[in-house]
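Comments concern the structure below.
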Amino acid sequence: MANPHQLLADLEWQYAAGADEAVGDVPGLSGWGAKPSMPVAAEQPATKARPSASIHPLAHTADPHIPHSAPSMASAATTISALREELLRFEGCPLKHTAMNLVFADGNPEASIMMVGEAPGEDEDRQGKPFVGVSGQLLDRMLAPAGLDRKTNVYISNILFWRPPGNRSPTDAEIAACLPFCERHIAVVKPKILVLLGGVAAKSLLRTKEGITRLRGRWQHYTPPGGGQPIDCLPIYHPAYLLRQPGAKRQAWNDVLALSKRMKDMAP
């Protein structure tokens with residue numbers, strides 16, 4: 001049986017972090033406010049990389065700096081497995097040659113919720129799966145109170161499919177090279193809800209220059225390129241940001257509540 005004193009201490013810690021409202025009648029096994037099992041110091045802020053020329057991540061695919069093969073290879077894939085194979089053949093992103101593994105996706109591809117982050121880190125590069133490091137552990141804790149987990153009802157990927165060296169921020173050119181594959185990924189999965197983790201994912205997919213502090217918590221619609229059914233979209237803070245700025249967990253908790261409510265509203 002769990003130590004009641006420890007349970008009370010965990011509850012007080014969650015309340016201090018901003019989790020001041022329940023999302024269900026039955027408590028989860030591990031609240032997202034629980035202390036991380038690894039030191040926060042293991043999650044280092046990304047270092048800035050020099051942007052490539054004047055390339056913008058939202059540039060049109062006709063831009064000569066964007067690999068011409070990216071849109072055609074992405075659009076040729078009609079299944080998730082085919083898209084992964086196209087990425088394995090793709091040579092238009094130099095990150096492929098410095099990374100250990102392709103980091104494609106994790107979770108249930110039949111899930112109603114798809115989450116898209118920025119780029120793989122060291123742990124993700126080593127294991128070939130997104131969000132398996134410290135920030136991924138926090139993401140799992142964030143989702144658990146809402147009854148969400150990647151084994152059953154969440155599917156997770158990133159804008160970039162290879163780790164930038166040293167966990168630096170991706171350049172505009174790297175984002176532009178991978179974006180057609182990311183958008184095709186969303187179009188193939190057809191989620192009911194798209195959750196964008198952090199500023200890079202939100203600005204790239206929503207075609208906006210607004211920062212994540214303005215975008216987070218505001219429901220929007222994402223429409224796949226070429227048309228298609230608009231998808232309910234919720235930008236939220238990246239869990240790596242929450243590790244560096246614990247005070248923002250209150251806002252993140254409100255976003256989890258909003259996600260939970262939207263899921264309940266969509267239930268048959």
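These values consider heavy atoms only, across backbone and side chains, with no hydrogens, waters or symmetry-generated copies.
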Exercise for review: Among Arg216, Gln245, Gln251, find the one that has a side-chain hydrogen bond (donor to acceptor under 3.5 Å, both in side chains) with Tyr237.
Suggested key: Gln251
Point to revise | Check: Lys96 side chain, Leu88 main-chain N or O, donor-acceptor pair, under 3.5 Å | key: yes
Check your understanding: Is the backbone of Met100 close enough, under 3.5 Å, to the side chain of Asp125 for a donor and an acceptor to pair up by distance?
Key -> yes
Exercise for review: Walk me through it: do Arg89 and Glu85 pass the test side-chain contact (heavy atoms from CB on, under 4.5 Å)?
Suggested key: CA-CA 6 Å; Arg89 296 194 304 110; Glu85 290 302 315; 5.8 Å; no
Study note, to complete from the structure: OG (Ser112) and NZ (Lys190) are apart, to the nearest 0.5 Å, by 14.0 Å
Exercise for review: Please indicate whether Glu210 has more than 12 foreign heavy atoms, meaning atoms of other residues, nucleotides or ligands, lying under 6.0 Å from its CD.
Suggested key: yes
Check your understanding: Do Lys129 and Ile156 have side chains that get closer than 4.5 Å, going by heavy atoms?
Key -> no
Practice item. Could you tell me whether a side-chain N or O of Ser75 sits under 3.5 Å from a main-chain N or O of Pro71, the two making a donor and an acceptor? Key: yes
Practice item. Report yes if the side chains of Tyr155 and Ile80 come closer than 4.5 Å at any heavy-atom pair, otherwise no. Key: yes
Review point. Pairs in or reaching into residues 109-147: which pass ring-ring contact (aromatic ring centres under 6.0 Å, His included), with residues at least two apart or in two chains?
Key: Phe131-His238
**Study point:** Glu124 (side chain) donor-acceptor with Gly133 (main chain) under 3.5 angstrom
**Key:** yes
Review point. Can you tell me how far CG of Asn254 sits from NZ of Lys249, rounded to the nearest 0.5 angstrom?
Key: 14.5 Å
Review point. Is Leu205 close to Val116 at the side-chain level, that is, under 4.5 Å between some pair of heavy atoms?
Key: yes
**Study point:** 4.5 Å side-chain heavy-atom contact, Leu95 and Glu174
**Key:** yes
Review point. Got Ile231 and Pro191 here, is their nearest side-chain heavy-atom distance under 4.5 Å?
Key: yes
Practice item. Report yes if some heavy atom in the side chain of Gln220 is under 4.5 Å from a heavy atom in the side chain of Leu206; otherwise report no. Key: yes
Check your understanding: Is a donor on one side and an acceptor on the other found under 3.5 Å between the side chain of Ser157 and the backbone of Phe104?
Key -> yes
Practice item. Kindly say whether Ala201 contributes a backbone atom to a donor-acceptor pair with the side chain of Ser204 at under 3.5 angstrom? Key: no
Exercise for review: For Arg184 and Ala77, indicate whether the former's side chain and the latter's backbone hold a donor-acceptor pair under 3.5 Å.
Suggested key: yes
Check your understanding: How are the rings of Phe161 and Phe181 set to each other: parallel, tilted or perpendicular (split at 30° and 60°)?
Key -> perpendicular
**Study point:** Under 3.5 Å donor-acceptor, Asp149 side chain and Lys151 backbone
**Key:** yes
Review point. Hey, does the side chain of Arg218 reach the backbone of Arg214 with a donor-acceptor pair shorter than 3.5 angstrom?
Key: yes
Check your understanding: So Arg163 and Asn167, side chain to side chain donor-acceptor pair (under 3.5 Å) or not? Walk me through it.
Key -> CA-CA 7 Å; Arg163 177 199 179 197; Asn167 289 358; 2.7 Å; yes
Point to revise | Identified side chain to side chain contact (heavy atoms under 4.5 Å, CB included) counterpart of Pro235 within the set Val195, Leu215, Leu194 | key: Leu215
Review point. Taking the side chain from Asn108 and the backbone from Val154, do they hold a donor-acceptor pair closer than 3.5 Å?
Key: no
Check your understanding: Any side-chain heavy atom of Tyr222 within less than 4.5 Å of one from Leu234?
Key -> no
Review point. Does the distance from a Lys or Arg side-chain N to an Asp or Glu carboxylate O, for Arg207 and Glu183, drop under 4.0 Å?
Key: yes
